[in-house]
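This report concerns only the one structure given below.
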Amino acid sequence: MLREFFLNEVKSAVNSLVKNKKLGQMSEADNYNLQSEIPKNAQFGDFAVNVSSLSRYTKLPPVKTAEIIASEINKSDFEINVTAGFINFKINSFMLNKIVTEVLDKKLDYAKNDIGKGEKVILEYVSANPTGPFHIGHGRWAAMGSALANVMKYSGYNVYQEFYINDAGSQIQKLGKSLYIRILQEFEVKIDFPSDEEEAKNFYTGDFLIPVAKEFIKEENKRAKIIEETWNGNYNEEQLKYLSKYARLKMLSKQQKLLENFHTHFDNFYSELTLHESGKVEACIKKLSELGVLYEQDGAVWFASSKYGDEKDRVIKKSDGAYTYLTADIAYHYDKLQRGFTKLLNIWGADHHGYIPRMRAAVEVLGYNPDSLEVLLGQLVNLVINGEEVRMGKRTKMVTLDDLIDEVGVDATRYWMIMKSIDTTLDFDIELAKSKTDDNPVFYVQYAHARACSILRNASADKLDIVNNKMQSGNELDLSKADFNLLWTTGDEKAEETTKKLLLKLEEYKSAVQNAAKNRSPYLITKYLQELAADFHKFYTFSKVIVENEGLMCARLFVVKAVILILQSAMKLIAIEAPEKM
RNA sequence: GCGUCUGUAGCUCAGCUGGAUAGAGCAAUUGCCUUCUAAGCAAUGGGUCGAGCGUUCGAAUCGCUCCAGGCGUACCA
């Protein structure tokens, strides 16, 4: 990376000065927090390193310190100048041209890197109950999680994506009973969910089970008839069990289909039920018991998590003999650790944040580094319809992820879900996301790609016999016809300035990717995409690509192609389409 | 009460491992299509960075105290 390159220039200059004792009381450069940055004001240079923080060791004014260090740097492919405490670098056309050829050479892998060092990461996200349709919040986790997984894989992490199915416990029976009623209703039996609010809580009264009931009658007509015929006001235990399982699997498969459609692919769906059935929950409790962190009180079994940073102890086994949700979850995380993952990365809704200390406590007690558990807390999503915030409360009718995607489309939904930092409550404005105008960043970015593709099409269609990039005709452009130096001798200052900015932005993709992976912040990719698209549109405005001069035209065509490659790479990371025409 | 996230331009948000004049998009005003997609570009206006105190040569950024909002504070999942 160029940023790193210039930082290293400064560091090695410092080291050599230190060796010769020319820098006062300083030791090696790595002991100081030096950073390279891109100056906000381009007149200073293309890159800069601020060394004023070293002044307290050199006992010299910042400018003097910077000058001494700068004079120690051998400049070859760049210019150097000092302002205040900054050492500024201006790169030359040779380095700029190299950016283009490197992109063309590495293509979609241009920014691929290995900062993850192959760390075995299990990323768990969405993890919903199979008891209903996804709501829009699930959509945010799905979009963010899948994008993060892509970004981290691209950065050398070994990422395994898992969805934990909360398919154990009473809610599944509740689901079965509700389907039972919906089936009877299909047969026109006069029965409805309890009107009493308290009793209605034992059912899923949403209408999402109506189509499931219809499917059931179609697929299992015989059994459906038996259910209707044997109805006597009480649930038939055998049929209820069957329906519970049927509904559970049906809902799960609907969820899985939706996720794939939403460009979210899991390596595994891990069933909580199998966790119980395999005896892993029991085994985990036994282990905790042996470790001496469990005790009995008030007829329940407790985990002494408060000794490990939690604010109070937690119930593991309720006085009615059932396990809590936490118990299975501890066993699940134990299982993840035993499968050899060294980083347990979870995306949880902000409403679960109080849950972190107890899970950390469990990881620690089980003999692992509590820092191997890393939870990304996602703030919630509010829907904005016609400018008004619709809070997803119990009273309002839930808008499902399905509805949202139907309304807005997969790409726009994903983009809007990823666009904001996970720390901020997301206001999802349906009208804005739907709009195909300039207030919608998705289209801005996709339009840049379509526009670039169009140039390549036009170039191949009328002007030359070199051509299109692979997705068009399979041919490759002929690099030998391009004269990149012509980019910098046009006499058109604005054209050269915007071209330079564009090329530097291409190079910045590397930093964007690494920061996104390191900080678990996929929104940095959408931010980068918007910046790249903007720089491309500016380039387009000031540099006509298809021109008489063949050497210049080819050089610009290659710039365009490089832009297309980076746009595609970044859009692939966040899993949205890169349309060739719009 | 305690924990946690947030408070930056009219709106939505970046910037927050301290550093050059606080940025972007939208909205507003004004220009630019006989020339590669105007879903675009150029220009202009717009800010006591919630408030106060402190640390520092230097604070939107770090610390403390307030203020406002979201979420949580179960033998629910």
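Each chain gets a letter, A, B and so on, in the order its sequence line appears, and its residues count up from 1.
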[X] bridged to [Y] by N-O distance under 4.0 Å:
X	Y	answer
A:Glu497	A:Lys500	no
A:Lys307	A:Asp313	no
A:Lys336	A:Glu124	yes
A:Arg360	A:Asp371	yes
A:Lys90	A:Asp46	no

Nearest-Å distance, [atom1] ([X]) to [atom2] ([N])?
X	N	atom1	atom2	answer
A:Lys174	B:C76	NZ	C1'	10 Å
A:Lys527	B:G25	NZ	P	12 Å
A:Lys501	B:C41	NZ	P	11 Å
A:Gln530	B:G23	CD	C1'	14 Å
A:Ile564	B:C36	CD1	P	17 Å
A:Leu294	B:C75	CG	P	16 Å
A:Glu431	B:C26	CD	P	19 Å
A:Phe428	B:C13	CZ	P	13 Å

Between [N] and [M], how far apart are the two [atom1] atoms, rounded to whole Å?
N	M	atom1	value
B:G70	B:C13	P	15 Å
B:A22	B:G50	P	15 Å
B:A60	B:A9	P	15 Å
B:G25	B:C41	C1'	15 Å
B:G47	B:U4	P	35 Å
B:A59	B:U17	C1'	14 Å
B:C76	B:C11	P	44 Å
B:G7	B:C49	C1'	10 Å

- Could you please spell out the steps behind the ring pair (Phe, Tyr, Trp, His ring centres under 6.0 Å) verdict for A:Tyr528 and A:Tyr509? CA-CA 7 Å; A:Tyr528 173 78; A:Tyr509 184 47; 5.3 Å; yes
Please determine whether a side-chain nitrogen or oxygen atom of [X] lies at a distance below 4.0 Å from atom OP1 or OP2 of [N].
X	N	result
A:Lys318	B:A77	yes
A:Tyr444	B:C41	yes
A:Ser421	B:A14	yes
A:Tyr325	B:A74	no
A:Arg451	B:A38	yes

By nearest atom, which of the nucleotides [options] is closest to the [X] side chain?
X	options	result
A:Leu380	B:U12, B:C36, B:C71	B:C71
A:Lys538	B:A42, B:A77, B:C5	B:A42
A:Ile455	B:C36, B:C75, B:C41	B:C36
A:Thr424	B:A39, B:C75, B:A14	B:A14

- Hey, which of these two, A:Glu272 or A:Arg314, hits RNA chain B nearer its 5' end, going by closest nucleotide?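 The residue whose closest nucleotide sits nearer the 5' end is A:Arg314.
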- Message: Here's a test of your reading of the structure: between A:Leu54 and A:Lys420, which maps to the more 5' nucleotide of RNA chain B?
- Response: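 The 5'-side residue here is A:Lys420.
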Note, [X] side chain near [Y] side chain (heavy atom, < 4.5 Å):
X	Y	value
A:Ile115	A:Lys518	yes
A:Leu345	A:Tyr125	no
A:Tyr204	A:Lys174	yes
A:Glu272	A:Ile165	no

Contact class for [X] vs. all strands (heavy atom < 4.0 Å): base, sugar-phosphate, or nothing?
X	result
A:Thr83	base
A:Ser543	base
A:Gln35	base
A:Lys317	nothing
A:Asn50	base
A:Ala48	base
A:Asn88	base
A:Asn129	sugar-phosphate
A:Ser454	base
A:Tyr523	sugar-phosphate
A:Ser319	base

- Query: Rounded to the nearest 0.5 Å, what separation is found between the OH atom of A:Tyr444 and the CG atom of A:Leu529?
  - Reply: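 Here the interatomic distance stands at 11.5 Å.
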- Rounded distance [0.5 Å steps], OH in A:Tyr323 versus CD in A:Glu282: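 So the gap between those two atoms works out to 3.0 Å.
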- Mutual orientation of the aromatic rings belonging to A:Tyr332 and A:Tyr164 [parallel < 30°, tilted 30-60°, perpendicular > 60°]: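 Because their plane-to-plane angle is under 30°, the rings of A:Tyr332 and A:Tyr164 count as parallel.
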- Message: Below 30° counts as parallel, above 60° as perpendicular, anything between as tilted: where do the rings of A:Phe536 and A:Tyr540 land?
- Response: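 Answer is tilted, since the angle falls between 30° and 60°.
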- Message: Please classify B:C66 as syn or anti, treating any glycosidic angle within 90° of 0 as syn.
- Response: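 Nucleotide B:C66 adopts anti.
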Between N or O atoms, less than 3.5 Å apart, protein on one side and nucleotides 1-4 of chain B on the other: list the pairs.
residue: B:G3; atom: N2; partner: A:His353; partner atom: NE2; Å: 2.0

- Side-chain (A:Asn519) to main-chain (A:Asn515) donor-acceptor, under 3.5 angstrom: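 Yes: the side chain of A:Asn519 pairs with the backbone of A:Asn515.
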- Output yes when a side-chain donor or acceptor of A:Ser271 lies under 3.5 Å from a complementary backbone atom of A:Leu273, and no otherwise.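 Here the side-chain-to-backbone pair exists.
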Name the pairs: protein N/O against N/O of nucleotides 55-60 of chain B, kept only if under 3.5 Å.
residue: B:C57; atom: N4; partner: A:Arg56; partner atom: NH2; Å: 3.1

Short N/O separations, protein against nucleotides 30-35 of chain B, under 3.5 angstrom:
residue: B:U35; atom: O2'; partner: A:Lys544; partner atom: NZ; Å: 3.1

